[in-house]
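One-based numbering along the sequence shown. Since this is a predicted model, take the numbers as computed values, not measurements.
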Amino acid sequence: NEHKVKVRFADFQNDADASSSKTPEAIDMLEMYNNYYDDMQQENQLPSSPSKMSYRLGEYDNQILHEADLPSGFEVNRTDFGSYMHEVFEAAVNHKLDDYTLAVNKLDDDVVIELNEVEQDYAVILFNRFLSYIDLNAEYLTEHTVKGVVNNILYEGSADLIELHDDETFTVIDYKNYKSLSEEDIQAHLTQCRIYATAYAKQTGKTVREIKVHYPMQDLTESETYIG
């Protein structure tokens, strides 16, 4: 029977990093992951139900590096706000909208949350930051399911954005609305994108150009470029 593994973060990144020279910036992480992915599946060692704590990366410090620039008077639940902004970003891409209000108007009523004036102004700031990270004229897949099957094990996850380029390459883009970030968080998020990129490349035969993780609340972008 086929076992489905919902990919959130890499359960096996600790071992993968241990097999490197502890200098992930000095190696092709995607190639390393590709090889490790195949080896683990051949040995049938992949878990069927990844633990939420299993993405924690032992070699990285969990000390907070970046804090959100939340304004005074921001009181809405952070998780609800993050989910809401995620929906606004997706609406902007799907409908090619560069206006916050127009994007919000595309949302279902049960998705929209009530914001005070301070929160609303901050939402607009984050929306404009998001627009600065992407090209609304580009071709994107949004919330795209990526799958990879080897030896009867199916990997499945949902990538926020996949930008399709004219040269048959693609870029995986994720965006996270986190209050604070540690080095460990950032590396885990990059690992998530590496998994999505690997799965999509195996699925389509296309070549990954780059992975990016955007953090609007910190006005920060982390990325890895593979070609170009």
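Residues G82 and N177 approach most closely at O-ND2, 3.2 Å, considering heavy atoms. Closest non-hydrogen pair, A197 versus V208, comes out as CB-CG2, 3.9 Å. The shortest non-hydrogen separation linking A91 to A103 is CB-O, 3.7 Å. What you find for V118 and N116 is that their closest heavy atoms are N-OD1, 3.0 Å.
Side-chain contact between V146 and Q203: present, with at least one pair of heavy atoms (C-beta onward) separated by less than 4.5 Å. Between Y226 and I211, the closest side-chain pair of non-hydrogen atoms falls below 4.5 Å. For the pair I227 and T169, the minimum side-chain heavy-atom distance is below 4.5 Å. A heavy-atom distance below 4.5 Å is not found between the side chains of L102 and K106. You'll find the side chain of T171 stays beyond 4.5 Å of the side chain of Y140, heavy atoms only. Between I173 and I162 the shortest side-chain heavy-atom distance does not fall below 4.5 Å. With a 4.5 Å cut-off on side-chain heavy atoms, P71 and D121 do not count as touching.
Annotation: the span from E222 atom CD to I186 atom CD1 amounts to 4.5 Å, rounded to 0.5 Å. Atom OG of residue S132 and atom CG of residue D219 lie 6.5 Å apart, to the nearest 0.5 angstrom. A distance of 10.5 Å separates NE2 of H189 from CD of Q187, quoted to the nearest 0.5 Å.
Under a hydrophobic clustering in which Ile, Leu, Val, Met, Phe, Trp and Tyr are joined whenever their side-chain heavy atoms come within less than 4.5 Å, directly or via other members, Y215 and F127 fall into different clusters. Criterion: ILVMFWY side-chain heavy atoms under 4.5 Å apart, direct or through other members. Under it, V93 and Y100 are part of a common hydrophobic cluster. Grouping the Ile, Leu, Val, Met, Phe, Trp and Tyr side chains by contacts below 4.5 angstrom, directly or via other members, places L190 apart from L161. The same ILVMFWY cluster, assembled from side-chain heavy atoms under 4.5 Å apart, contains both L126 and Y133. Residues F81 and L70 are members of one and the same hydrophobic cluster, defined by side-chain heavy-atom contacts under 4.5 angstrom among Ile, Leu, Val, Met, Phe, Trp and Tyr.
Residues meeting the ring pair (Phe, Tyr, Trp, His ring centres under 6.0 Å) test with H66, sequence neighbours left out: none. Residues forming a ring pair (Phe, Tyr, Trp, His ring centres under 6.0 Å) with Y84 (at least two apart in sequence, or on another chain): none. For Y200, the ring pair (Phe, Tyr, Trp, His ring centres under 6.0 Å) test picks out H144, F170, with sequence neighbours left out. Residues that satisfy the salt bridge (Lys or Arg N to Asp or Glu O under 4.0 Å) test with E168, not counting sequence neighbours, are K206.
The residues D185 and K176 are annotated as not salt-bridged, no charged nitrogen and carboxylate oxygen being separated by less than 4.0 angstrom. A salt bridge is absent between D160 and K212: the closest approach of a Lys/Arg side-chain nitrogen to an acidic carboxylate oxygen does not fall below 4.0 angstrom. Between E163 and R209 there is no salt bridge, since no side-chain nitrogen of the basic residue lies less than 4.0 Å from a carboxylate oxygen of the acidic one.
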Discussion item. For a side chain to side chain contact (heavy atoms under 4.5 Å, CB included) check, start with the C-alpha distance between D174 and H214, then their side-chain angles and the critical distance, and finish with the verdict.
Written reply: CA-CA 6 Å; D174 204 4; H214 297 311; over 6 Å; no

Practice prompt. Under the ring-ring contact (aromatic ring centres under 6.0 Å, His included) rule, what do H86 and Y175 come out as? Steps first, then yes or no, please.
Written response: CA-CA 8 Å; H86 194 283; Y175 33 93; 4.8 Å; yes

Discussion item. The test is side chain to side chain contact (heavy atoms under 4.5 Å, CB included); show your working for L220 and L181 and say whether it passes.
Written reply: CA-CA 10 Å; L220 175 72; L181 292 170; 4.0 Å; yes

Item to complete: Give the intermediate values and the outcome of side chain to side chain contact (heavy atoms under 4.5 Å, CB included) for residues C193 and V213.
Response: CA-CA 8 Å; C193 282; V213 186; 3.9 Å; yes

Worksheet entry | side chain to side chain contact (heavy atoms under 4.5 Å, CB included) evaluation trace for R129 with M217 | CA-CA 9 Å; R129 286 177 183 172; M217 287 187 179; 5.5 Å; no

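Among V112, V104, V111, V124, the single residue meeting the side chain to side chain contact (heavy atoms under 4.5 Å, CB included) criterion with V88 is V104.
For residues 132-143, no pair satisfies salt bridge (Lys or Arg N to Asp or Glu O under 4.0 Å), with sequence neighbours left out. Residue pairs meeting the salt bridge (Lys or Arg N to Asp or Glu O under 4.0 Å) criterion with at least one partner in residues 75-102, sequence neighbours excluded, do not occur; the list is empty.
Ring pair Y122/F74 is perpendicular by interplanar angle, where above 60° counts as perpendicular and below 30° as parallel.
By the 6.0 Å contact criterion, CG on D109 is open, its count of non-hydrogen atoms from other residues, nucleotides or ligands being 12 or less.
In this structure a side-chain-to-backbone donor-acceptor pair under 3.5 Å is missing from D69 to Q218.
No donor-acceptor contact under 3.5 angstrom links the side chains of Q63 and S182, judged on distance only.
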